[in-house]
Undergrad: 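Quick one: the structure is below, and I'll ask about it shortly.
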Amino acid sequence: MARGEHHRIHAQDRTQRNRVLVAQEAARLMSEHGIRDFHHAKLKAAERLGIADTQALPRNNEIEQALREHQRIFHADTQPQALRHRREAAVEAMRFLRGFDARLVGAVLEGTADEHSAVCLHIFSDDPEAPGLFLQEQGIPLETQTRRLRWSDREQSEHTVLLFGADGIPFDITVLPLDAIRQAPLDRVDERPMRRASAAMVQQLLAEEDIEAFNATS
């Protein structure tokens, strides 16, 4: 093997090892420090590890995989309970918001939620102020923000986000127009349309967890 080829292969191996290290450190930061943004987590992880090579920055799906592994190894006794608690809270919230066709998205649906995670919902109304007014009428104090969502490589748009807490769980609710129920925005993990679930679908997930738990103990 020529020396140049040997150096190229060695450099590729080093870059791949660094990608794994950055993904693992980013997963640890997300799990233990409550960082929710994948990009911020990977940059902070690379900085902490002293890795400046941009080719060594993992993709978001690599970090998500490392996060699942980190939770399995280090938080197997607490993460499943935090996830279930949030899924149960999501069902209750979606039923409360049934007039806005609420759907669950994000870490609580995907199974990577922990004690730091918010319950993230999409709700739908052609009047973007209506959901906030409804919640305020129920006596729920809100914080309002905006969020930019990507629908394709060329299309982005700003949407109202309603933030509040209930029973110790943060809720993050994005208000979308009615026609957005047919097309989900792109997921930050894999750049594909977000997976979304109705209250009935999340209730089914909880029922399946109960069956698995029963089978594991019987």
Side-chain angles (χ1 to χ4, degrees), residues 30-31 33-41 60 64 67 79 81-152 155-206 209:
M30 295 182 77
S31 178
H33 296 274
I35 297 175
R36 296 294 93 187
D37 182 82
F38 283 88
H39 184 68
H40 177 59
N60 291 347
E64 184 181 59
L67 178 59
Q79 190 269 336
Q81 289 88 342
L83 173 62
R84 183 177 182 87
H85 187 33
R86 280 154 177 75
R87 283 179 169 173
E88 290 172 342
V91 170
E92 185 175 349
M94 284 189 285
R95 288 173 175 166
F96 179 69
L97 292 165
R98 58 186 174 274
F100 299 102
D101 293 318
R103 298 290 187 272
L104 178 65
V105 298
V108 175
L109 176 59
E110 300 300 336
T112 57
D114 55 28
E115 67 272 16
H116 302 293
S117 301
V119 173
C120 296
L121 303 178
H122 286 177
I123 60 176
F124 305 90
S125 173
D126 281 338
D127 179 359
E129 295 183 1
L133 291 173
F134 170 77
L135 290 171
Q136 289 174 344
E137 288 171 356
Q138 312 306 311
I140 298 173
L142 297 173
E143 178 184 346
T144 302
Q145 297 180 356
T146 59
R147 173 172 297 140
R148 180 173 292 275
L149 298 177
R150 293 180 59 239
W151 302 89
S152 67
E155 184 181 1
Q156 302 182 32
S157 54
E158 294 274 351
H159 300 277
T160 299
V161 178
L162 307 174
L163 305 174
F164 62 90
D167 296 328
I169 295 178
F171 284 80
D172 177 310
I173 300 180
T174 303
V175 182
L176 299 173
L178 286 174
D179 60 4
I181 200 167
R182 296 192 298 270
Q183 177 189 357
L186 300 183
D187 194 291
R188 59 181 179 164
V189 174
D190 58 13
E191 298 298 314
R192 296 179 180 178
M194 285 185 184
R195 194 161 71 100
R196 302 193 286 204
S198 65
M201 294 168 68
V202 180
Q203 192 66 61
Q204 180 62 31
L205 284 176
L206 292 168
E209 290 175 7

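What you see is a predicted model; the values in this text were computed from it and never measured.
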Undergrad: How many angstroms lie between atom CG of Leu67 and atom CD of Gln79, to the nearest 0.5 angstrom?
TA: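 Rounded to the nearest 0.5 Å, the CG-CD separation comes to 8.0 Å.
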
Undergrad: Kindly check if the number of other-residue, nucleotide or ligand heavy atoms within 6.0 Å of CD (Gln81) is above 12?
TA: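 Yes - once you tally the heavy atoms of other residues, nucleotides and ligands closer than 6.0 Å, there are more than 12.
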
Undergrad: Closest approach of Phe100 and Ser125, non-hydrogen atoms and distance?
TA: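 Closest pair (atom of Phe100, atom of Ser125, distance): CD2-CB, 4.0 Å.
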
Undergrad: Quick one: do Ile173 and Phe164 satisfy side chain to side chain contact (heavy atoms under 4.5 Å, CB included)? Show the steps, please.
TA: CA-CA 9 Å; Ile173 300 180; Phe164 62 90; 3.4 Å; yes

Undergrad: With rounding to the nearest 0.5 angstrom, report the CD to CG distance, Glu209 to Leu83.
TA: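 Result: 6.0 Å between the selected atoms.
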
Undergrad: Can you check side chain to side chain contact (heavy atoms under 4.5 Å, CB included) on Asp187 and Asn60, steps first, answer last?
TA: CA-CA 10 Å; Asp187 194 291; Asn60 291 347; over 6 Å; no

Undergrad: Check the pair Ile123, Thr174 against side chain to side chain contact (heavy atoms under 4.5 Å, CB included), reporting the backbone distance first and the verdict last.
TA: CA-CA 6 Å; Ile123 60 176; Thr174 303; over 6 Å; no

Undergrad: Can you tell me how far apart SG (Cys120) and CZ (Arg147) are? Round to the nearest 0.5 Å.
TA: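 With rounding to 0.5 Å, SG (Cys120) is 6.5 Å from CZ (Arg147).
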
Undergrad: Any side-chain heavy-atom pair from Arg95 and Gln203 closer than 4.5 angstrom?
TA: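 Yes; the side chains approach each other to less than 4.5 Å.
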
Undergrad: Salt bridge check, Asp114 against Arg36: does any charged N sit closer than 4.0 Å to a carboxylate O?
TA: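 Looking at Asp114 together with Arg36, the answer is yes, because their closest N to O distance falls below 4.0 Å.
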
Undergrad: Tell me which one of His122, His159, Arg150 satisfies side-chain contact (heavy atoms from CB on, under 4.5 Å) with Pro185.
TA: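 Only one option passes, and that is His122.
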
Undergrad: What are the two closest non-hydrogen atoms of Ile169 and Ala89, and how far apart are they?
TA: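 Here Ile169 and Ala89 meet closest at CD1-CB, 3.7 Å.
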
Undergrad: Do you know which two heavy atoms are closest between Phe124 and Pro177, and how far apart they sit?
TA: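 For Phe124 and Pro177, the tightest heavy-atom pair comes out as CD2-O, 3.5 Å.
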
Undergrad: At their closest point, which heavy atom of Phe38 faces which heavy atom of Glu64, and how far apart are they?
TA: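 For Phe38 and Glu64, the tightest heavy-atom pair comes out as CE2-N, 3.9 Å.
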
Undergrad: Without swapping roles, check the side chain of Arg87 against the backbone of Leu109 for a donor-acceptor pair under 3.5 Å.
TA: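 Here the side-chain-to-backbone pair exists.
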
Undergrad: Any side-chain heavy atom of Leu97 sitting closer than 4.5 Å to one from Leu135?
TA: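 Yes - at least one pair of side-chain heavy atoms lies under 4.5 Å apart.
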
Undergrad: Just wondering, are more than 12 heavy atoms of other shown residues or ligands nearer than 6.0 Å to CD in Glu191?
TA: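 Above 12, so yes.
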
Undergrad: Which is it for Ser157 and Arg148 under the side chain to side chain contact (heavy atoms under 4.5 Å, CB included) test, yes or no, and what are the steps along the way?
TA: CA-CA 5 Å; Ser157 54; Arg148 180 173 292 275; over 6 Å; no

Undergrad: Taking the side chain as everything from C-beta on, heavy atoms only, tell me whether Val119 gets closer than 4.5 Å to Pro170.
TA: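 Val119 does not reach Pro170 side chain to side chain.
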
Undergrad: With a sphere of 6.0 Å drawn around CG of Asp167, does it hold more than 12 non-hydrogen atoms of other residues, nucleotides or ligands?
TA: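 No, not enclosed.
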
Undergrad: Could you tell me whether His116 atom NE2 has more than 12 heavy atoms of other residues or ligands within 6.0 Å of it?
TA: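 Atom NE2 in His116 is crowded, with more than 12 foreign heavy atoms closer than 6.0 Å.
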
Undergrad: CG of Leu121 to CG of Leu104: how many Å apart, nearest 0.5 Å?
TA: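 Atom-to-atom, Leu121:CG and Leu104:CG are 6.0 Å apart.
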
Undergrad: List the atom of Gly139, the atom of Pro141, and the distance in Å for their closest heavy-atom pair.
TA: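 Residues Gly139 and Pro141, closest heavy atoms: O-CD, 3.4 Å.
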
Undergrad: Report the distance from atom CD of Glu88 to atom CG of Leu205, rounding to the nearest 0.5 Å.
TA: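 One finds 12.0 Å between CD of Glu88 and CG of Leu205.
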
Undergrad: Can you name the closest pair of heavy atoms from Ala197 and Met94 and give their distance?
TA: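 Taking every non-hydrogen atom into account, O-SD, 3.7 Å.
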
Undergrad: What distance do Arg84 atom CZ and Arg86 atom CZ have between them, rounded to the nearest 0.5 Å?
TA: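 If we round to the nearest 0.5 Å, Arg84:CZ and Arg86:CZ are 14.0 Å apart.
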
Undergrad: Can you name the one residue among Leu149, Ile181, Thr160 that meets side-chain contact (heavy atoms from CB on, under 4.5 Å) with Leu176?
TA: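 Testing Leu176 for a side-chain contact (heavy atoms from CB on, under 4.5 Å) against Leu149, Ile181, Thr160 leaves exactly one candidate, Leu149.
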
